[in-house]
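Beneath this line is the structure, given in structure tokens, with notes to follow.
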There are 2 protein chains.
Amino acid sequence: MGRARPVPPTAYAILGLLSMTDELSGYDLRRWARALRFFYVSPAQSQIYSELRRLAALGWVAQRDVAQEARPAKRLYRTTEDGQAALRGWLEGSPVEPPALKHALLLRIFFGHLARPERLQALIDDYITAARMVLAELEQVRAELGDDPRWRFPAAVAEWGLRYYAAETEAAAAIRPCVAEAASRE
Amino acid sequence: MGRARPVPPTAYAILGLLSMTDELSGYDLRRWARALRFFYVSPAQSQIYSELRRLAALGWVAQRDVAQEARPAKRLYRTTEDGQAALRGWLEGSPVEPPALKHALLLRIFFGHLARPERLQALIDDYITAARMVLAELEQVRAELGDDPRWRFPAAVAEWGLRYYAAETEAAAAIRPCVAEAASRE
DNA sequence: GCCAGCATGTAAGGAGTTACATGATTAT
DNA sequence: ATAATCATGTAACTCCTTACATGCTGGC
């Protein structure tokens with residue numbers, strides 16, 4: 001019973017989403033997976049389907065085909081006992097990867113010596129605007145989750161996210177003058 | 001003169017590092033690239049070499065082989081005029097990708113209903129410890145950069161990083177009790 | 001004797017993406 | 001008319017990673 005090669009986090013993410021619901025199609029999952037976008041790259045549609053096939057092959061999800069009138073047929077998935085056990089094992093036993101961040105704005109600021117300062121400031125301003133929009137979204141998400149114990153953990157993550165994006169706007173605003181200083185020099 | 005397919009950000013990152021220095025080998029770059037690790041996944045050694053070959057093929061860097069006694073031969077790279085122009089074009093003209101985050105801890109907390117609360121708390125504690133270590137590193141980096149105008153932009157990024165990781169420790173500490181609350185329920 | 005450092009490179013493969021294909025229904 | 005929604009799936013490709021290969025020098 002050799003443990004096969006490790007399953008990627010995205011597969012666990014999909015399995016986890018299924019574990020919080022009853023039965024979902026790949027199409028449904030695409031919407032659910034958007035909930036991850038604040039803290040985890042939400043997978044492409046094609047990947048959702050391929051991960052579902054992987055999970056089915058592992059016996060971690062069960063599938064059921066449902067015909068519909070006037071709509072394409074659905075394939076509904078739900079977690080199996082093995083799937084729940086796999087998720088629990090992942091949560092309890094596997095090492096947590098360090099967060100992977102690719103911050104394209106910071107990459108550009110890092111090489112800011114080659115840009116016009118006004119351009120950098122504009123990029124920072126755009127970023128603050130975008131972060132504020134995420135904040136607004138997250139506030140709504142947080143409100144929708146309420147204090148329903150069923151969504152306690154997503155709610156905790158949303159609260160983290162609120163702090164996260166608030167800190168981003170503050171950090172962006174804080175370094176904006178440094179870039180301005182560079183502007184007044186050249 | 002059809003614009004070929006876009007060059008990945010990592011290539012610009014390497015080009016940018018070369019633009020801040022005189023001449024570097026792939027081996028040297030591996031160390032320099034570590035500076036990116038706080039805000040951008042720092043590339044694997046093999047990728048550094050392959051990106052350098054790509055940049056050389058584009059004419060954005062020039063290479064020069066240097067024989068050494070008692071050491072393997074070096075291949076030193078420096079940016080060309082075209083390379084500088086490409087970097088400037090990237091900074092000024094190309095759209096900034098939204099930050100991509102893969103926060104494995106938050107993914108696990110999101111699915112926390114399947115974990116023992118003590119486990120989640122331990123994960124959070126580990127994360128806080130790790131974030132504090134990053135903070136210590138960043139403080140040192142920031143101190144080393146000083147107020148040398150040459151490193152103004154890296155310094156600004158380091159300051160962003162200090163806020164970022166401080167916010168992470170705070171967010172982690174803030175949601176820890178929510179997880180604890182779950183513990184007292186079950 | 002052994003490991004770290006210097007220095008480059010190949011091979012294999014996994015994770016993830018975009019774009020395409022199909023086709024009916026409903027709303028604008 | 002046209003777009004969005006429902007619903008799944010394939011093809012091609014890129015990015016990036018790990019592991020391996022090579023080999024000399026210097027310090028402990």
Side-chain angles (χ1 to χ4, degrees), chain A residues 3-15 23-34 36-37 40-58 61 63-77 95 97-98 100-102 104 107, chain B residues 4-15 23-34 36-37 40-58 61 63-77 95 97-102 104 107:
Chain A
R3 186 150 280 310
R5 36 179 131 68
V7 163
T10 302
Y12 286 106
I14 288 171
L15 190 58
E23 249 188 343
L24 294 176
S25 67
Y27 193 86
D28 299 329
L29 265 167
R30 199 167 47 168
R31 310 184 139 253
W32 279 80
R34 289 211 74 215
L36 309 176
R37 71 185 183 284
Y40 214 86
V41 177
S42 66
Q45 173 253 67
S46 65
Q47 204 193 352
I48 290 175
Y49 285 103
S50 59
E51 293 299 348
L52 281 171
R53 286 191 288 269
R54 185 210 303 261
L55 293 172
L58 286 166
V61 300
Q63 40 181 276
R64 182 170 74 92
D65 287 350
V66 178
Q68 295 177 111
E69 35 184 324
R71 281 275 166 246
K74 274 185 181 191
R75 178 161 291 175
L76 295 177
Y77 295 87
E97 308 82 25
L101 176 64
K102 284 185 162 192
L107 190 62
Chain B
R5 43 178 126 68
V7 163
T10 303
Y12 287 105
I14 287 170
L15 190 58
E23 250 189 342
L24 293 176
S25 67
Y27 193 86
D28 299 329
L29 266 167
R30 197 167 48 168
R31 310 184 138 255
W32 277 81
R34 289 212 73 216
L36 310 176
R37 72 184 183 283
Y40 213 86
V41 176
S42 65
Q45 173 255 63
S46 65
Q47 205 193 350
I48 291 175
Y49 284 103
S50 59
E51 294 299 347
L52 282 172
R53 287 190 288 268
R54 184 208 305 259
L55 293 172
L58 287 166
V61 299
Q63 39 181 275
R64 182 170 74 92
D65 287 348
V66 177
Q68 294 178 112
E69 33 182 327
R71 281 273 167 249
K74 272 186 182 189
R75 177 161 292 174
L76 295 178
Y77 295 87
E97 308 82 26
L101 177 63
K102 284 184 161 191
L107 188 62

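In what follows, chains carry the letters A, B, and so on, assigned in the order in which the sequence lines appear, proteins first and then strands, with residues in each chain numbered from 1.
Distance alone, capped at 3.5 Å, is enough to place a donor-acceptor pair between the B:R37 side chain and the B:R34 backbone. No donor-acceptor distance shorter than 3.5 angstrom exists from the side chain of B:Y27 to the backbone of B:K74, with no hydrogens or angles considered.
Note: CZ (A:R54) to C1' (D:dT10) measures 17 Å, nearest angstrom. One can place CD of A:Q63 at 16 Å from P of D:dA7, the figure rounded to the nearest angstrom. Going from atom CD of A:E97 over to atom C1' of C:dA15 covers 13 Å, rounded to whole Å. Rounding to whole angstrom units, CG of residue A:L101 and C1' of D:dC16 are separated by 17 Å. Straight-line distance from the CD atom of A:E51 to the C1' atom of D:dT8: 16 Å, rounded to whole Å. Taking atom CD1 of residue A:I48 and atom P of nucleotide C:dT18, one finds them 12 Å apart after rounding to whole Å. Regarding B:Y40, its OH atom lies at a distance of 11 Å from the P atom of D:dT17, rounded to whole Å. In this structure, CZ of A:R64 is placed 13 Å from P of D:dT8, rounded to the nearest angstrom.
The terminal axes of the helix from C:dG1-D:dC28 to C:dT28-D:dA1, fitted over 5 pairs per end, subtend an angle of 40° to the nearest 10°.
Between A:Q47 and C:dT17 there is a side-chain N or O to OP1 or OP2 distance below 4.0 Å. Using a 4.0 Å cut-off, no side-chain N or O of B:K102 falls inside it from OP1 or OP2 of C:dA15.
Expressed to the nearest 0.5 Å, how far CZ of A:R75 lies from CZ of A:R64 amounts to 12.5 Å. In this structure, CD in A:Q47 is found 10.0 Å from OG in A:S42, a value given to the nearest 0.5 Å. To the nearest 0.5 Å, atoms OH (B:Y77) and CD (B:E51) are separated by 11.5 Å. A distance of 10.5 Å separates CD of A:Q63 from CG of A:L55, quoted to the nearest 0.5 Å. Expressed to the nearest 0.5 Å, how far OG1 of A:T10 lies from CG of B:L107 amounts to 8.0 Å. Here CH2 of B:W32 is found 14.0 Å from CD1 of B:I14. Values are rounded to the nearest 0.5 Å.
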TODO: Please lay out, stage by stage, how A:L101 and B:Y40 fare under the test side-chain contact (heavy atoms from CB on, under 4.5 Å).
DONE: CA-CA 5 Å; A:L101 176 64; B:Y40 213 86; over 6 Å; no
Under a 4.0 Å heavy-atom criterion, the protein footprint on nucleotides 7-12 of chain C, written with B, S and -, is BBBB--
